[in-house]
Q: 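The structure's right below; bear with me while I get my questions together.
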Amino acid sequence: MAQPNFTSGTVWTGDNLRMLRGMNSECVDLIYLDPPFNSNRVYEAPIGSKAAGAAFKDAWTLDDVDVHEHGELADRNPAAYSVIEAARQAHGKGMQSYLIFMAVRFLEMRRILKPTGSIHLHCDPTASHYLKLLMDAVFGRAAFRNEIVWCYRKWSTEAGQFAKNHDVILFYAAGDGGDPTFNVQFVATSKGTMKRWKGKRQQAVVVDGARQATATGEDARSPMSDWWEISIINPNAKERTGYPTQKPLALLDRIVRASSNPGDLILDPFCGCATTLVAADRLQRRWAGIDLSPLAVKLVDERIAADRGDMPWGGANALTDPPKRTDLGELPNYRTHRHRLYGEQEGVCASCGTHFPFRVMDVDHILPISRGGTDHPDNLQLLCSGCNRSKGGRTMAEWRAAQGAD
Ligand SMILES: C[S@@+](CC[C@H](N)C(=O)[O-])C[C@H]1O[C@@H](n2cnc3c(N)ncnc32)[C@H](O)[C@@H]1O
């Protein structure tokens with residue numbers, strides 16, 4: 001497993017895909033993400049709140065995503081590509097665009113998770129069923145652990161349907177054979193329900209290995225289920241920043257406790273007003289966050305400073321450039337792969353499919369270095385000089401799409 005190539009306490013401002021692509025493989029213990037939900041809304045923080053100025057759009061069209069990445073998915077994960085195609089047919093192009101955006105990021109998240117790591121995706125029924133299929137395609141269906149239902153009361157009703165009072169958190173291991181950290185959490189059960197829970201309580205003792213006082217039953221507890229009742233943040237709550245879609249600390253506290261241990265590294269690639277980072281900091285975990293909004297850095301600093309009180313806090317390591325991977329070893333100059341590639345491709349250009357003599361073949365980066373690609377052999381191919389010149393600094397998928405459009 002690689003060491004992380006960034007320090008704990010880092011918050012990047014910018015698109016998380018660039019940052020994720022620059023992170024070392026297998027270096028993160030837990031990813032929690034609360035991305036836009038495809039809600040077809042624009043969120044803004046109220047004027048005068050700590051988060052005033054924060055806004056993000058959650059409505060999707062094909063113009064919002066790099067459609068070329070759709071083509072790349074066809075190469076890198078055909079199952080994800082098929083799920084997205086099915087979503088386009090069943091739901092439309094908005095869902096298709098949203099899922100392309102999510103899929104390319106999932107591929108990087110899977111790469112950077114340790115084999116003992118896990119991912120918790122926060123979403124709601126607007127897209128949760130499509131996202132479940134996509135996560136099965138990327139992380140593997142055997143990696144699925146729970147669909148956690150977060151219930152709250154909002155008193156909002158729409159005519160002709162039940163009130164929508166829950167979100168969904170999809171919890172997956174890092175991959176099919178993954179063995180993620182999991183600390184059983186407990187809920188206290190009252191005296192009255194003692195009898196009913198007795199069997200489960202004994203099971204909990206076995207799982208946890210802890211002894212519990214059972215004489216009075218007042219401290220009886222049972223393992224937590226996948227159905228969590230936690231209030232949304234009320235308008236006067238101390239933790240409220242005004243950031244649109246801010247999640248309660250109690251929710252993140254539970255996820256961090258269950259799926260990590262002190263010292264573990266937690267990443268929130270859509271960190272918003274830093275709720276995950278504050279919860280991680282309180283529980284002595286290492287942490288890092290990414291958000292498009294520059295307000296994230298300000299809110300992390302304010303919230304963690306307030307939280308730590310007199311304890312020293314030097315502020316987040318605020319960055320805008322992606323990290324540079326250090327886990328690929330000393331890669332030889334990419335041109336040294338020319339002979340090997342010529343043999344593997346049997347002298348045929350990877351694009352036009354024509355056979356050429358060795359001297360007119362060039363080594364090309366499938367994903368250009370400027371877009372987060374590396375000199376790793378998996379990212380190299382041989383193109384004839386004509387195709388290589390025509391492709392220029394584009395990804396293969398972009399170039400193919402441009403050719404299709406001509
Ligand atoms: C639902 S909010 C997260 C709220 C957060 N969980 C909290 O408690 O504050 C989603 C966040 O994703 C950010 N975002 C959207 N697209 C992004 C991208 N491509 N890269 C990084 N952040 C992004 C938005 O700026 C917004 O802050």
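Computed from a prediction, not measured in an experiment: that's the story for all the values here. First listed ligand is number 1; within each ligand, the first listed atom is number 1. Values below: all heavy atoms of this structure, side chains included; hydrogens, waters and symmetry mates excluded.
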Q: Please identify each residue that fulfils side-chain hydrogen bond (donor to acceptor under 3.5 Å, both in side chains) with Asn261, with sequence neighbours left out.
A: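 Result, side-chain hydrogen bond (donor to acceptor under 3.5 Å, both in side chains) vs Asn261: Asn183.
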Q: List for me each residue that meets side-chain hydrogen bond (donor to acceptor under 3.5 Å, both in side chains) alongside Asn379, sequence neighbours excluded, and say none if there are none.
A: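 Asn379 satisfies side-chain hydrogen bond (donor to acceptor under 3.5 Å, both in side chains) with no other residue.
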Q: Determine whether the aromatic ring centres of His120 and Tyr32 lie less than 6.0 Å apart.
A: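 For His120 and Tyr32, the ring centres are not under 6.0 Å apart.
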Q: Using the six-membered ring of Phe186, assess whether NZ or CZ of Arg221 lies under 6.0 Å from its centre and within 45 degrees of the ring axis.
A: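 Ring-cation test returns yes.
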Q: Looking at residues at least two apart in the chain, or sitting in another chain, which of them share a side-chain contact (heavy atoms from CB on, under 4.5 Å) with Ile232?
A: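 So Ile232 forms a side-chain contact (heavy atoms from CB on, under 4.5 Å) with Trp150, Tyr152, Lys154.
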Q: Taking a 3.5 Å cut-off between nitrogen or oxygen atoms, can you list every pair linking ligand 1 to the protein, with distances?
A:
{"unit_1": "ligand 1", "atom_1": "6 (N)", "unit_2": "Asp34", "atom_2": "OD2", "d": "2.7"}
{"unit_1": "ligand 1", "atom_1": "8 (O)", "unit_2": "Lys247", "atom_2": "N", "d": "3.0"}
{"unit_1": "ligand 1", "atom_1": "8 (O)", "unit_2": "Thr275", "atom_2": "OG1", "d": "2.7"}
{"unit_1": "ligand 1", "atom_1": "9 (O)", "unit_2": "Cys273", "atom_2": "N", "d": "2.9"}
{"unit_1": "ligand 1", "atom_1": "19 (N)", "unit_2": "Asp15", "atom_2": "OD1", "d": "3.0"}
{"unit_1": "ligand 1", "atom_1": "20 (N)", "unit_2": "Asn16", "atom_2": "N", "d": "3.0"}
{"unit_1": "ligand 1", "atom_1": "20 (N)", "unit_2": "Asn16", "atom_2": "OD1", "d": "3.4"}
{"unit_1": "ligand 1", "atom_1": "20 (N)", "unit_2": "Asn16", "atom_2": "ND2", "d": "3.3"}
{"unit_1": "ligand 1", "atom_1": "22 (N)", "unit_2": "Leu292", "atom_2": "N", "d": "3.1"}
{"unit_1": "ligand 1", "atom_1": "25 (O)", "unit_2": "Asp291", "atom_2": "OD1", "d": "2.7"}
{"unit_1": "ligand 1", "atom_1": "27 (O)", "unit_2": "Tyr243", "atom_2": "OH", "d": "2.5"}
{"unit_1": "ligand 1", "atom_1": "27 (O)", "unit_2": "Asp291", "atom_2": "OD1", "d": "3.2"}
{"unit_1": "ligand 1", "atom_1": "27 (O)", "unit_2": "Asp291", "atom_2": "OD2", "d": "2.8"}

Q: Parallel under 30°, tilted from 30 to 60°, perpendicular over 60°: which one fits the rings of Phe106 and Phe139?
A: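 Geometry flag for Phe139 against Phe106: perpendicular rings.
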